Amino acid sequence: MSRPGREQPLVLVADDDQMIRFLTREVLEQAGFAVEEVDDGRPAVAAFARLRPDVVLLDVMMKEMHGFDACAAMRALPGGTNAPILMITGLEDVDSINRAYEAGATDFVTKPLNWTILAHRVRYMLRASRAVQEVEVQKLRLAEAQRLAHLGSWQWELESGRIDWSAEMFRLYGRGVGEGAPDRQSWLARVNPEDLEELDCACARVAAEGGDAAVDYRIRLPGGGERFLHEHIAALADEHGQAIGLRGTTQDVTERKLAEARIHYLAHHDGLTGLPNRGMFHEQLSQALARATRDGMMLAVLFLDLDRFKEVNDGLGHAVGDLLLQAVAERLQGSVREVDAVARLGGDEFALVQTSMGHPAAAETLARRLVEILAVPVEVGGHQVTVATSVGIALFPADGADAAQLLKSADLALYRAKADGRGTFRFFEEGMNRAVHARLQLEQELRRGIAQGEFVLHYQPQHDLATKEIRSYEALLRWQHPRHGLVGPDTFITVAEETGLIEPLGRWVMQQACRDAARWLPPLKVSVNLSPAQFRSGDIVAMVAEALEAADLEPDRLELEITESLLLNHTETTLSTLSRLKAMGVRIAMDDFGTGYSSLAYLWQFPFDKLKIDRSFIGNLNVDRNVDAIVAAIIGLGHSLGMTVTAEGVEVEEQAKFLESHACHEIQGFLYGTPAPYAGLLAGPRPDPKRGLDPHEARHEGAALRPEAGGDARLPVAASGRW
Ligand SMILES: Nc1nc2c(ncn2[C@@H]2O[C@H](COP(=O)(O)O[C@H]3[C@@H](O)[C@H](n4cnc5c(=O)[nH]c(N)nc54)O[C@@H]3COP(=O)(O)O)[C@@H](O)[C@H]2O)c(=O)[nH]1
């Protein structure tokens, strides 16, 4: 029962009467206490400070400092607040007793002392003191635990309105611990008005019905800012079970709430642009649909896709691609009303809900504006980037009754916008579904056809107009479809380009054409068509070099036909690729010349080896004088620039005569030979015993009608390793 490190409890006895001190010591030592004596108030205070006794017996009447003052002084010392101090008064008057309590005495006894019960009295005091100490320790521990857990506690007496707060409650509310408990009004004034009703109702319910309740609410801190609190409220009942008050525990859950809010945000927003993601857009659209149904209004779903975003990503890097997407998101947000929702659905796809519309024209106006705004070049990562945007529009209620259906319709409309030339918008129409379905089927078929090796090359000769000798063959792709027969490239090239299948397909064409040409006698050449999509994906220079090397074909026997559309975008990159190909020794031909918008500008920028006059001009030769003049001018241009001029689509003798009279170098067309399988070429020329065809004797007539021999121009099946 004594202090730690002390075997017996120590009693400090302060009395100026030596006899009393002696007798007290005798009694207490016999009862198992250790005793320290002093004869006045001042040494008593000093001894208290030094020894920290477990109990003090303090006489009131002493010479220098009486017991009241000594008691008050001890209380002010460390450890003095709860120390058990027994005052010994000689006077049994009320005034002395009051003074003793006022000075802080724990209890008092009067003289003459009853020696029999003194030791018991001291023991009880000591026990009571220990209990108080224990409670104090527990309170401190509880306060510390509450502080660590940000857990406050409070009690509210209903009748008096008195509210007690624990120290942590003050801290939670951003107030000084000693500031004094609040009243109901000042407490609730701190609660966020949006949450007040819920908290107030919960308190009222518990007060009226008993039991408990839990509420989450926000409070406003004195210095600004908010804190989230979790409140557990329980009723305080009297012995009859009647509610006399409320008590509660209050926990700071700000961090958890913020983390939850962050998780919720991340789950519903796109990390790159901060826009709502697909899931949230679905929710927003469903809510907008519910409102539109209720108000009998129209709404529009606009589905946006950036045209050629992949080129930016691949060409300038993903960091630039990301910046571009952020810039697009900003522009989109800046172009819609606050009530309209904008979202990034993934990749370069964005979507928008336009609400409260009276007429479809509003959606058209918005779509037009978006196409325009997004077409303005963006400065990202030191690059001026221009992307066009295609927009598909679906209207509610006409094009779908729910979010999923509307999105599908808008997607189909987008698909049409892209197919119709990009950088434009289209409204959903019945029938789009069927068209898209057919296109998807074609894509699947194409994949299967590639895997099965169903593609073959046909060759069409290009004749020297003066000598009538074949200068080269143009390789033209055909699909030997198991059900549809021989399918021309116009049916599938666009889908191959859009799906990226043009890359493996084009690679195979290049390899096969080089392999075939290597079997012809020099200088017979082969022309291969290149799609702009092939320039966008992969390294075309390496692809050509590999094909030449694998076939052991001299580069100057390969001619690459490109169209003006290739030069419309990223001219600099494309021109540099073309220059690298030309530097390898490969010849470059401008196909379909005259059909583009700025043909002449391209001629000035790149030294093409050949110009192929588009067959739309040749078909109108001798029919339209203007066409005659244009064709004559193109031939003259080719002569001046030192380029070979080839006329495509020559079908009748008169056309050939016109071209001959204007010194056109080469002609290609059904008049001199239709495209035919490789084996069909043998119909005219005599094969070279060592290598293949002799071009000077080669004639190509009716070859297409001949059955294919050997099928060596077929696309190899996947097992060949290249696929
Ligand atoms: N990227 C690739 N494109 C290719 C490849 N193979 C072909 N193509 C392109 O597909 C388009 C259609 O080609 P095709 O159906 O083969 O038509 C060619 C000829 O058959 C046709 N032609 C030739 N002479 C005449 C004629 O006298 N009259 C007439 N009506 N048509 C004729 O012209 C097409 C060749 O044109 P061009 O390429 O412009 O020289 C076509 O655009 C092909 O380029 C491929 O492997 N990759």
Side-chain angles (χ1 to χ4, degrees), residues 446 449-450 455-463 470-480 485-517 525-538 540 543-544 547 558-566 588-596 599 610-621 644-656 659 666-678 680 700-701 703-704 713-715:
L446 204 49
I450 290 172
F455 290 84
V456 293
L457 287 183
H458 281 198
Y459 290 96
Q460 185 178 30
Q462 296 173 350
H463 286 82
I470 296 176
R471 290 276 165 245
S472 70
Y473 281 99
E474 179 177 357
L476 295 163
L477 187 58
R478 302 285 182 266
W479 183 359
Q480 190 65 63
L486 203 62
V487 179
D490 280 341
T491 314
F492 59 84
I493 285 287
T494 310
V495 175
E497 286 174 340
E498 285 171 1
T499 52
L501 291 172
I502 191 69
E503 207 267 323
L505 209 47
R507 183 185 293 275
W508 175 80
V509 169
M510 187 63 66
Q511 289 173 344
Q512 188 61 45
C514 289
R515 258 198 304 269
D516 288 344
K525 298 179 183 41
V526 67
S527 299
V528 175
N529 287 286
L530 285 182
S531 147
Q534 285 174 274
F535 279 76
R536 291 197 290 273
S537 67
I540 201 159
M543 188 267 276
V544 171
L558 174 63
E559 200 160 69
L560 302 178
E561 294 193 12
I562 63 145
T563 54
E564 285 178 41
S565 63
L566 172 68
I588 311 290
M590 166 74 88
D591 204 0
D592 305 336
F593 186 75
T595 53
S599 313
K610 183 186 270 190
L611 291 186
K612 292 186 76 180
I613 309 174
D614 190 69
R615 64 171 183 267
S616 58
F617 291 106
I618 307 303
N620 282 304
L621 273 181
T644 304
V645 181
T646 305
E648 294 183 73
V650 182
E651 294 183 351
V652 291
E653 208 54 65
E654 288 70 30
Q655 292 165 349
L659 294 163
E666 292 178 357
I667 57 169
Q668 176 181 353
F670 294 167
L671 180 66
Y672 284 98
T674 52
Y678 177 85
H700 185 82
E701 294 148 358
R714 278 178 180 271
L715 191 69

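In listed order, ligands and their atoms are each counted from 1. On a predicted model such as this, the values are computed, not experimentally measured, just so you know. Side chains are part of it too, since the values below use all heavy atoms of this structure and drop only hydrogens, waters and symmetry mates. Numbers here simply count residues along the sequence, with the first being 1.
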Atom 4 (C) of ligand 1 [closest protein heavy-atom partner, distance rounded to 0.1 Å]: N529 CB, 3.8 Å

Which ligand 1 atoms are under 4.0 Å away from a heavy-atom of G669? 24 (N), 27 (O)

Quick note on ligand 1: atoms under 4.0 Å from a heavy atom of V650 include exactly 27 (O)

Within the 3.5 Å criterion, strictly below it, is a donor on D516 or Y459 matched to an acceptor on the partner's side chain? yes

Mind checking whether H458 contacts ligand 1 via backbone (N, CA, C, O), side chain (CB onward), both or neither, at a 4.0 Å heavy-atom cut-off? neither

Applying side-chain contact (heavy atoms from CB on, under 4.5 Å) to L476 and Q460, what does each step give before you reach the verdict? CA-CA 7 Å; L476 295 163; Q460 185 178 30; 4.0 Å; yes

Least distance between heavy atoms, A547 atom then M510 atom: CB-CG, 3.6 Å

Check for a donor-acceptor pair, side chain of E503 on one end and backbone N or O of G500 on the other, with a separation under 3.5 Å. no

Judging by distance only, is a nitrogen or oxygen of Q668 under 3.5 angstrom from one on ligand 1? no

All heavy atoms of I618 vs all of G649, minimum pair found to be CG2-O, 3.8 Å

Ligand-residue contact atoms, ligand 1 with V509, heavy atoms, under 4.0 Å: 46 (O)

The closest protein heavy-atom partner of atom 16 (O) of ligand 1 is R478 NH1, 2.8 Å

Quick one: look up the protein heavy atom nearest atom 15 (O) of ligand 1 and list residue, atom name and how far away it is. P489 CD, 3.6 Å

In terms of residue, atom name and distance, what is the protein heavy atom nearest to atom 6 (N) of ligand 1? L477 N, 3.0 Å

Of all the non-hydrogen atoms in the protein, which one sits nearest to atom 12 (C) of ligand 1, and at what distance? D490 OD1, 3.4 Å

Tell me, which protein residue and heavy-atom name are nearest atom 25 (C) of ligand 1, and how many Å apart are they? F670 CE2, 3.3 Å

Out of Q534, E474, E561, whose heavy atom sits nearest atom 38 (O) of ligand 1? E474

Closest non-hydrogen protein atom to atom 20 (O) of ligand 1, residue and atom name please, with distance? P675 CG, 3.4 Å

Taking it one step at a time, do E559 and K612 satisfy salt bridge (charged side-chain N to carboxylate O under 4.0 Å, His left out)? CA-CA 12 Å; E559 200 160 69; K612 292 186 76 180; over 6 Å; no

Just to confirm, does any protein heavy atom lie below 4.0 Å from atom 42 (O) of ligand 1? no

From the options R615, Q512, E648, Q460, select the one whose nearest heavy atom is closest to atom 34 (C) of ligand 1. R615

Test item: Q655 side-chain N/O and V650 main-chain N/O as donor-acceptor pair under 3.5 Å: no

On the 0 to 90° scale, with breaks at 30° and 60°, tag the Y672-H463 ring pair as parallel, tilted or perpendicular. tilted

Could you check W479 against F492 for ring-ring contact (aromatic ring centres under 6.0 Å, His included), going step by step and ending with a plain yes or no? CA-CA 9 Å; W479 183 359; F492 59 84; 5.7 Å; yes

Going by atom types only, do T646 and Q462 share a side-chain donor-acceptor pair under 3.5 Å? no

What protein heavy atom sits nearest atom 29 (C) of ligand 1, and how far away is it? E651 OE2, 3.4 Å

Mind checking the CD-CG spacing from E474 to N529? Nearest 0.5 Å is all I need. 4.5 Å

Which of the numbered atoms in ligand 1 are under 4.0 angstrom from any heavy atom belonging to K612? 40 (O)

Please work out whether any backbone atom (N, CA, C, O) or any side-chain heavy atom from C-beta onward of D592 is under 4.0 Å from ligand 1, and answer side chain, backbone, both or neither. side chain

